[in-house]
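Proteins get letters first, then strands, A, B, ... in listed order; numbering begins at 1 in each.
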Number of protein chains: 2
Amino acid sequence: MSSKGVKQLLFEQFARVGKAMSNANRLEILEFLAQSECNVEELSKLAGITVANTSQHLQQLRQAGLVSSRKQGLKVYYSLSGDDVIELLSIQRKVAERHIAEVDQLIDNFLTVKDSLEPLPREELLSRVKQGLVTIIDVRPAFEYDAGHVPGAINMPLDKLDDQLADFDSDTEIVAYCRGPHCVLAYDAVEKLRKQGLKASRLEDGFPEWKIAGLPVEKTNSKLNS
Amino acid sequence: MSSKGVKQLLFEQFARVGKAMSNANRLEILEFLAQSECNVEELSKLAGITVANTSQHLQQLRQAGLVSSRKQGLKVYYSLSGDDVIELLSIQRKVAERHIAEVDQLIDNFLTVKDSLEPLPREELLSRVKQGLVTIIDVRPAFEYDAGHVPGAINMPLDKLDDQLADFDSDTEIVAYCRGPHCVLAYDAVEKLRKQGLKASRLEDGFPEWKIAGLPVEKTNSKLNS
DNA sequence: CTATTATTCAAGTGATTAGTTGAATACTAA
DNA sequence: TTAGTATTCAACTAATCACTTGAATAATAG
C-alpha cells in the first residue's frame with residue numbers, strides 16, 4: 001500500500017472502469033444491456049461470441065462495477081448497475097465520434113442516412129414511404145413494434161430478416177431503425193442488407209426519439225400478432 | 001472490412017477510447033491536463049514516470065483523440081482535445097466511486113476529510129484555523145496561490161513540502177486543498193504528511209469551489225512573493 | 001558549425017489479455 | 001435419484017501492453 005502510493009492505487013481503480021470498456025465485445029454487451037436485462041445465452045447470441053467467452057466478459061464487467069446479476073431459476077440475468085453507466089457509454093461514444101476521424105467515416109459512409117435523409121424533414125420521409133420510394137423497417141422484437149412504431153414501417157426482427165431478403169426491391173431505399181442511438185440491432189440489419197446489394201441505411205435515432213419529436217405513431221391491433 | 005463487420009469495427013473504435021483510459025498513469029496525465037496545458041517533461045515529473053514512457057502514453061492518448069499537441073520552440077505542449085474529455089474523466093471517476101467499494105474505502109479512509117469536516121460549516125473551519133487547531137495548506141503553485149486563496153492557508157507547493165515537514169505540529173490537523181476535485185496534487189501532499197505521522201486530510205473541493213461558494217478569499221500582495 | 005535540450009523512435013522483456021476448449025458447478029424436472 | 005440445461009471455472013496459446021534502455025530527430029544557442 002505504501003509502496004505504490006494511495007494516489008496510484010486510486011487511479012488504478014479508476015482505470016479498471018476504463019479497462020472494462022476497452023474491448024469491443026464488452027462494449028457491445030453493455031449496449032445490449034442498456035436496452036434490457038439479458039441472460040448469458042441471449043447476450044452470447046446477440047454479440048456472436050461463445051457462451052464461455054461472454055460469461056468471462058460479464059465477470060470483468062461486474063468486477064469493474066458496471067453490471068450486476070440476479071439468478072432466476074437456471075438463468076443468470078445481467079443488467080447495468082446504474083444509469084451512470086449509460087451516461088458513461090454515451091459520453092465515451094460521443095468522444096469517440098467527435099475525435100476519431102475513422103469513426104465518423106464509418107458512420108457517415110456505411111451506416112447512417114445523414115446526407116440523404118437528415119436534410120429533409122421527417123414528415124417528408126413519411127410521404128416518400130407512402131409513394132413506395134422508401135421502405136422503413138423496424139428491427140425491434142414484435143411486441144415492442146406492436147406497442148407503437150413509425151407509420152408504414154414493417155416489423156423485421158433480425159432473425160426474420162434473412163428469410164425476407166429476397167422480397168426487397170433493389171431500387172427502393174431501405175431505412176432501418178431500432179430502439180435508439182444506443183441500440184445496435186439496426187447496425188446488423190443494415191449490414192446484412194448492404195451485403196445483398198440493397199440500398200440500406202440507418203435512422204440516426206430510434207423509436208423513442210421519433211415519438212418524442214411528436215411525429216405520428218402507429219399501433220398494431222393486438223389480435224393481429226402472436 | 002466485410003470479414004469483421006462494420007458494427008464490430010465501430011465498437012473497436014469506441015474501445016480505443018476506453019483503452020486509452022484503462023491505465024493509471026494515463027489517467028493521471030489526463031487529470032493534470034484537465035488543469036492546464038503541459039509539456040512532456042512537466043508531465044513526466046508530475047506523474048513520476050520517465051520521459052520516454054510519458055511520451056508514449058501521450059501518443060496513445062492522441063491516437064485515441066483525447067489530447068492534442070502544439071509545438072513551441074523546443075517543447076511540445078499537450079492539452080485535452082475538448083471539454084467532453086473532462087466530462088468523460090469526470091463520469092468515469094463517478095462510476096468508479098459509486099460502484100467500486102475499494103475506491104470508496106480508499107477515499108473515505110485515507111484521503112478526504114469527509115467525516116470530520118463536511119458536517120461542520122466551512123466558516124467554522126476558518127475559525128478553527130484562527131485558533132490554531134487546523135492548518136490549511138494550499139499545494140498549488142505560488143502564482144496561483146497569490147491570485148487568491150483560502151484565508152489563513154499556507155502556500156506549500158509539493159516540491160517545497162519535503163523541506164517543511166519538520167515544521168508541522170503533530171497535534172494540529174492539516175487540511176490540504178488544490179485546484180478542485182480533479183486536481184491530484186493534494187493526494188500527494190496528504191500522503192507525504194501521513195507518512196510523517198501527521199494528521200492530514202484533503203478538502204473535497206478545491207479553491208474554485210470555495211470561491212464559488214461565496215466564502216472569503218485572501219490575496220497576496222504581489223510584492224511579497226516571486 | 002557544434003553543443004545542448006526536448007521529444008520521439010525502436011527494440012526488447014516480462015506481464016497481462018482475449019479467446020478457445022473441455023471439465024466442473026449449480027439448478028430443475030421427471 | 002438421474003438427466004438435462006445454464007453458467008462458470010481452469011488451463012492453454014497467441015497477441016498486446018507497460019516499461020526500460022539507448023539511439024535518433026528536431027529546434028535552439030553560442
- Is the shortest side-chain N to carboxylate O distance from B:E97 to B:R93 below 4.0 Å? yes
- Sub-4.0 Å heavy-atom contacts from residues 22-29 of chain B onto DNA chain D, ordered by number: B:N23, B:N25, B:R26
- Note, A:P157 side chain near A:R140 side chain (heavy atom, < 4.5 Å): no
- Nearest-Å distance for atom pair OH/P, residues A:Y77 and D:dT5: 16 Å
- Message: Quick check on A:K75: does its NZ atom have over 12 non-hydrogen neighbours (other residues, nucleotides or ligands) under 6.0 Å away?
- Response: no
- Item | Pair B:N39, B:Y78: side-chain N/O donor-acceptor within cut-off below 3.5 Å | no
- Task: Determine which pairs satisfy salt bridge (Lys or Arg N to Asp or Glu O under 4.0 Å) with at least one residue from residues 43-69 of chain B, sequence neighbours left out, and list them in order.
- Result: B:E41-B:K45
- Message: Using the side chain to side chain contact (heavy atoms under 4.5 Å, CB included) criterion, which residues pair with A:A64? Sequence neighbours excluded.
- Response: A:A20, A:L66
- Query: Considering only heavy atoms, which members of residues 38-46 of chain A lie under 4.0 Å from some atom of DNA chain D?
  - Reply: A:N39, A:V40, A:E41
List the atom pairs, donor and acceptor, that lie under 3.5 Å between side-chain atoms in residues 46-56 of chain B and the rest of the protein, sequence neighbours left out.
residue : atom : partner : partner atom : Å
B:T50   : OG1  : B:N53   : N            : 3.2
B:N53   : OD1  : B:H57   : NE2          : 3.4
B:T54   : OG1  : B:T50   : O            : 2.7
B:S55   : OG   : B:Q59   : NE2          : 3.1

- Task: Would you kindly compare A:K19 and A:I49 by the position of their nearest DNA chain C nucleotide and give the one closer to the 5′ end?
- Result: A:K19
- How long is the gap from OG on A:S44 to CG on A:L58, to the nearest 0.5 Å? 10.0 Å
- Which ones in residues 52-67 of chain A lie close to DNA chain C, meaning a heavy atom under 4.0 Å from one of its atoms? A:A52, A:N53, A:Q56, A:H57, A:Q60
- Item | Length of the line joining B:L74:CG and D:dT25:C1', which is rounded to integer Å | 12 Å
- Item | Start and end of the DNA chain C segment that chain A contacts, any atom under 4.0 Å from a heavy atom | C:dT17 to C:dT28
- Rounded to 10°, the angle between the first-five-pair and last-five-pair axes of the helix from C:dC1-D:dG30 to C:dA30-D:dT1 is 20°
- Is it true that A:K7 and B:D188 make a salt bridge, defined as a side-chain N closer than 4.0 Å to a carboxylate O? yes
- Sugar-phosphate only, base, or nothing, as touched by A:Y78 at under 4.0 Å among non-hydrogen atoms: sugar-phosphate
- Item | Test salt bridge (charged side-chain N to carboxylate O under 4.0 Å, His left out) applied to B:R26 - qualifying residues, sequence neighbours left out | none
- Please name all residues satisfying ring pair (Phe, Tyr, Trp, His ring centres under 6.0 Å) with B:H149, sequence neighbours left out, ordered by chain then number. B:Y145
- Where the side chain of A:Q92 meets the backbone of B:V17, is there a donor-acceptor pair that is under 3.5 Å apart? no
- Query: How would you list, by chain and number, every residue that makes a salt bridge (charged side-chain N to carboxylate O under 4.0 Å, His left out) with B:E87, sequence neighbours excluded?
  - Reply: A:K94
- Query: For A:R179, what residues pass the salt bridge (charged side-chain N to carboxylate O under 4.0 Å, His left out) criterion, not counting sequence neighbours?
  - Reply: A:E144
- Could you tell me whether B:R70 and B:E37 make a salt bridge, using a distance below 4.0 angstrom between a side-chain N and a carboxylate O? yes
